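Small disclaimer: the values here were computed from a predicted structure and weren't measured. The basis for the numbers below is simple: all heavy atoms, side chains too, and nothing from hydrogens, waters or symmetry mates.
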2 protein chains.
Amino acid sequence: MSHSVYGRLMSVDRTQVLHAAAALLTRKATATMDEVARAAGIGRATLHRHFAGRDALVRALEELGLQEMEGALDRAGLDDGPEDEALRRLVAEVEHVAPLLSFLVTENQLFEGDQQHVGWARLDARVSALFRSGQESGVFRIDLTPAWLTEAFYGLVGSGAWAVQDGRVAAKDFQYMIAELLLGGARRSVEK
Amino acid sequence: MSHSVYGRLMSVDRTQVLHAAAALLTRKATATMDEVARAAGIGRATLHRHFAGRDALVRALEELGLQEMEGALDRAGLDDGPEDEALRRLVAEVEHVAPLLSFLVTENQLFEGDQQHVGWARLDARVSALFRSGQESGVFRIDLTPAWLTEAFYGLVGSGAWAVQDGRVAAKDFQYMIAELLLGGARRSVEK
DNA sequence: ACCGAATGAGACATCAATGTCTCATTCAAT
DNA sequence: ATTGAATGAGACATTGATGTCTCATTCGGT
């Protein structure tokens, strides 16, 4: 009785399917369920067996995205050491979640009604807290609000993922490019 | 015979409709034609009279986006003065095109086949050239590729537009937030 | 080698969005 | 005030995606 981790026999990797779906939907949100299935390397019927419909799929993406982001935040250890180094660790941890994060940030069809999802508020708060902490300790400049820095972080991660996926940036440079731009900007420092 | 600028009677402002459509589609790419019409403040029938279908609408968005971006690039005068100041001017010029640009960057359903649209290649080249020029003149750092800086520029403009539209950043801070982050980054400079 | 679960492919009905049309109304120009 | 173009609302047929089902096949566990 070596069922698998969750009691069911495992054939299609739910997580892998969701990551593939996110990668596709980020750049083609109108993609068909059939296209999503193909992109994940499975049949449409199988996709339907795992996710009742498009809504269910999107909600699963949301759930996984939140979960993986929380994990990344945990592993980054944002409370340890200087905030700029913490940010570098966060960028590193976030790399493989990037397409998923990108989809969730972009597609706000999630927010039914007009209130933000609770889980997202938590994430925002954690990232935002890092920037605020950095400002208080004098590591980050104070003329850019934590809210904006958080938003910019999301945006750059998304851009980075896209640039890599599209071949405009080497995958190995992902972390460096994002962290360096976010921390130091494009201008050449007068003093390092 | 005071027809209007283009010979037809003008009732719905084509440009205004497209901007509204872009603003909506950026955050809800699966929006219905009816939703788009409502968002633009017109009826579905009228929307159909101006744009044959969804494809035509998207292609019109593309065309307008390219046109307005080219205009912004022209007005920014990228060849005059230091590149960092040119970049600031570009950010300023790009502000009102932001939602449109954001939609076009995000939705790559445009690129039929696998080749990039010619117009976009031109835009990319112009923005990229600015960063390259800045690197050569010593204004910008050389460890971040022009391609990445270009991508980051798009991403930050999109994030900025989103943050403003969502009320997380004041509209009046749009230019400052983007230009400052892009040029100087989040880290507090040791020396200014 | 056997068995059962899960899959892929395809058929099919359903449903929502789309595209087209009509008609009454509004509005700008005269 | 009159005219004609353009609009909004609604009806309608069409199309394409969706959701469900069946059946043959594959594959992992025993």
Considering only heavy side-chain atoms of A:Ile42, the closest of C:dT7, D:dT7, C:dG8 is C:dG8
Whole-Å distance, B:His48 NE2 to C:dT20 P, equals 7 Å
Atom CG of B:Asp55 and atom P of D:dG16 are separated, to the nearest Å, by 11 Å
Separation between CD (B:Glu63) and CZ (B:Arg59), nearest 0.5 Å, reads 10.5 Å
Using a distance-only criterion (donor-acceptor N/O pair, under 3.5 Å, no hydrogens), is the base of C:dG8 paired with the side chain of A:Arg38? no
To the nearest angstrom, the CG-P distance between B:Leu47 and C:dG19 comes to 10 Å
Separation between CG (B:Leu123) and CG (B:Leu104), nearest 0.5 Å, reads 9.5 Å
When rounded to whole Å, the CG to P distance for the pair B:Asp34 and D:dG10 reads 11 Å
Under-4.0 Å side-chain N/O to phosphate OP1/OP2 contact, B:His50 with D:dA6 | no
Let's go through B:Leu144 and B:Phe131 carefully: what are the C-alpha distance in whole Å and the side-chain angles of both, what is the deciding distance for side-chain contact (heavy atoms from CB on, under 4.5 Å) to 0.1 Å, and is it a yes or a no?
CA-CA 10 Å; B:Leu144 300 179; B:Phe131 288 116; over 6 Å; no
Is there a donor-acceptor pair closer than 3.5 Å between any side-chain N or O of A:Arg187 and the backbone N or O of B:Gly185?
no
In whole angstroms, the gap separating P of C:dA17 from CG of B:Leu57 amounts to 16 Å
Atom CE of A:Met33 and atom C1' of C:dA16 are separated, to the nearest Å, by 15 Å
Considering only heavy side-chain atoms of B:Thr32, the closest of D:dG19, C:dT18, C:dT7 is C:dT18
Taking D:dT18, D:dT7, C:dG19 as options, the one with an atom nearest any side-chain atom of B:Arg49 is D:dT7
Taking the side chain as everything from C-beta on, heavy atoms only, tell me whether B:His19 gets closer than 4.5 Å to B:Leu64. yes
The nucleotide from C:dG19, C:dG8, D:dT18 with an atom nearest the side chain of A:Thr46 is C:dG8
- Query: Is the phosphate of D:dT18, meaning OP1 or OP2, less than 4.0 Å from a side-chain N or O of A:Arg54?
  - Reply: yes
Side-chain atoms of A:Arg44 come closest, of D:dG8, C:dA9, D:dT18, to D:dT18
